[in-house]
Amino acid sequence: MVDTKVTLSGWELDNPVIPASGTFGFGKEFAELYDINCLGTFSFKGTTLRPRFGNPTPRIAECTAGMINSVGLQNPGVDEVLRVQLPEMKQYFHKKVIANVSGFSVEEYAQTCRKLDECGQIGLFEVNVSCPNVHGGGISFGTSPEAAAQVTAAVKKVTTKPVYIKLTPNVTDIASIAKACEDAGADGISLINTLLGMRIDLKTRQPVIANRMGGFSGPAVFPVAVRMVYQVSEAVKIPVMGMGGVSSAEDVIELMLAGASAVQVGAANLVNPYVCREIIEELPAVMERYGIERLRDIIGAAHKE
Ligand code: SIN
């Protein structure tokens, strides 16, 4: 019998499979399809201080091996998440959840996390400094080590829960940004968010996405995720949650070999809503095939000679 358990900052998960924020909402629609308590946990839709309607449509463009989204952080706002979504979630999800938080100023990140801190259902914060779809927030913090560190320090001041910073791949030196977050007190790093991409419609000769550009995700970005998880886990001592184009149990194992302590599954949920359950079911057989008894033993194994 293989052991799929992993730990994130003292929080033990039954397995490392975590649906990524923005691809799983607050879990309700997926809970209508299967019992989502089989998941390690999930990261809920990026939440901001105030409600957001999101970007104009079209917001999605399909690509050969992935998709582009420009959702623009549509969400009901932190007060509504606390009043409605989280109490409702108790009915169908009985584990702790990851709170994904976005903001447009350092203070806004901190205020949102301060409000959510009181909620016992939240196991850790995933602070998104990497959304490519909004101006003046998100990615502008994630492309500068100083700004990412400022957000980290401000959030750490308002919570005792572990704080993981979600980084953008749209930078030249992701390791230095991860290191700045670690030095500012981050408990973990989460990566990669989407790569900035664009499609143009041949008939209209105009961008497909109303916002012109958006975040590219899906199987095509997987090798980029492996490379960046490897680089970041070499640069920091804190745990890394890996994601980017994951769609199989083999991908989960590969990202863990690169250094991930847990693995998020994003765009694949939109292609096959059962994919996370399937990966969890397949994981023991794939572990056996590769001679892995305890999944946590392989974290970062690719770094050793
Ligand atoms: C969005 O809501 O625009 C996606 C969030 C993200 O990529 O960080």
Side-chain angles (χ1 to χ4, degrees), residues 18-27 29 42-63 66-78 80-81 85 98-105 108-109 112-113 125-144 147-148 151-152 155 163-171 174 177 181 189-199 207-218 220-222 224-225 228 241-246 264-270:
I18 302 173
S21 178
T23 65
F24 211 73
F26 291 88
E29 294 78 9
F42 72 91
S43 182
F44 66 58
K45 176 61 193 164
T47 295
T48 50
L49 191 57
R50 279 172 272 282
R52 286 183 55 83
F53 188 71
N55 288 337
T57 56
R59 297 169 167 183
I60 302 288
E62 288 196 37
C63 310
M67 60 174 281
I68 294 173
N69 93 80
S70 177
V71 172
L73 295 173
Q74 179 179 345
N75 79 95
V78 67
E80 182 82 353
V81 168
Q85 304 295 340
I98 296 175
N100 182 289
V101 169
S102 270
F104 293 82
S105 67
E108 204 176 316
Y109 278 102
T112 307
C113 291
F125 285 109
E126 182 178 57
V127 177
N128 183 7
V129 293
S130 48
C131 175
N133 300 327
V134 289
H135 297 293
I139 202 167
S140 58
F141 293 100
T143 52
S144 144
V151 173
T152 307
V155 172
V163 174
Y164 282 51
I165 308 296
K166 184 167 179 178
L167 299 184
T168 174
N170 301 306
V171 292
I174 197 162
I177 297 172
C181 295
I189 302 291
S190 181
L191 77 154
I192 58 174
N193 203 327
T194 51
L195 287 111
L196 196 59
M198 184 174 182
R199 296 301 307 272
V208 173
I209 299 258
N211 212 26
R212 293 184 298 143
M213 294 165 207
F216 179 51
S217 60
V221 311
F222 182 68
V224 180
M228 288 193 155
M241 259 194 287
M243 77 202 75
V246 174
Q264 297 194 7
V265 181
N269 289 300
L270 309 178

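Both counts, for ligands and for their atoms, begin at 1 and track the order of listing.
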For this session: List for me each residue that meets side chain to side chain contact (heavy atoms under 4.5 Å, CB included) alongside T23, sequence neighbours excluded, and say none if there are none.
Result: A20, N269, L270
Exercise. Listed by chain and number, what are the side chain to side chain contact (heavy atoms under 4.5 Å, CB included) partners of V71, not counting sequence neighbours?
Worked result: K45, R59, N69, Q74
For this session: Please confirm whether the backbone N or O of E62 pairs with a side-chain atom of R199, one donor and one acceptor, at under 3.5 Å?
Result: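 Yes.
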Exercise. Is a donor on one side and an acceptor on the other found under 3.5 Å between the side chain of N55 and the backbone of A210?
Worked result: no
Problem set entry | Under the ring-ring contact (aromatic ring centres under 6.0 Å, His included) test, residues paired with F26 that sit two or more places apart | F44
Which protein N or O atoms sit under 3.5 Å from any N or O of ligand 1? Give atom names and distances.
{"unit_1": "ligand 1", "atom_1": "2 (O)", "unit_2": "K45", "atom_2": "NZ", "d": "2.9"}
{"unit_1": "ligand 1", "atom_1": "2 (O)", "unit_2": "L73", "atom_2": "N", "d": "2.8"}
{"unit_1": "ligand 1", "atom_1": "3 (O)", "unit_2": "G72", "atom_2": "N", "d": "2.7"}
{"unit_1": "ligand 1", "atom_1": "3 (O)", "unit_2": "L73", "atom_2": "N", "d": "3.4"}
{"unit_1": "ligand 1", "atom_1": "3 (O)", "unit_2": "N133", "atom_2": "ND2", "d": "2.7"}
{"unit_1": "ligand 1", "atom_1": "7 (O)", "unit_2": "N193", "atom_2": "OD1", "d": "3.1"}
{"unit_1": "ligand 1", "atom_1": "8 (O)", "unit_2": "N128", "atom_2": "ND2", "d": "2.7"}
{"unit_1": "ligand 1", "atom_1": "8 (O)", "unit_2": "N193", "atom_2": "ND2", "d": "2.9"}

Problem set entry | Minimum heavy-atom distance T48-T112, with the two atoms named |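 For T48 and T112, the tightest heavy-atom pair comes out as C-OG1, 4.0 Å.
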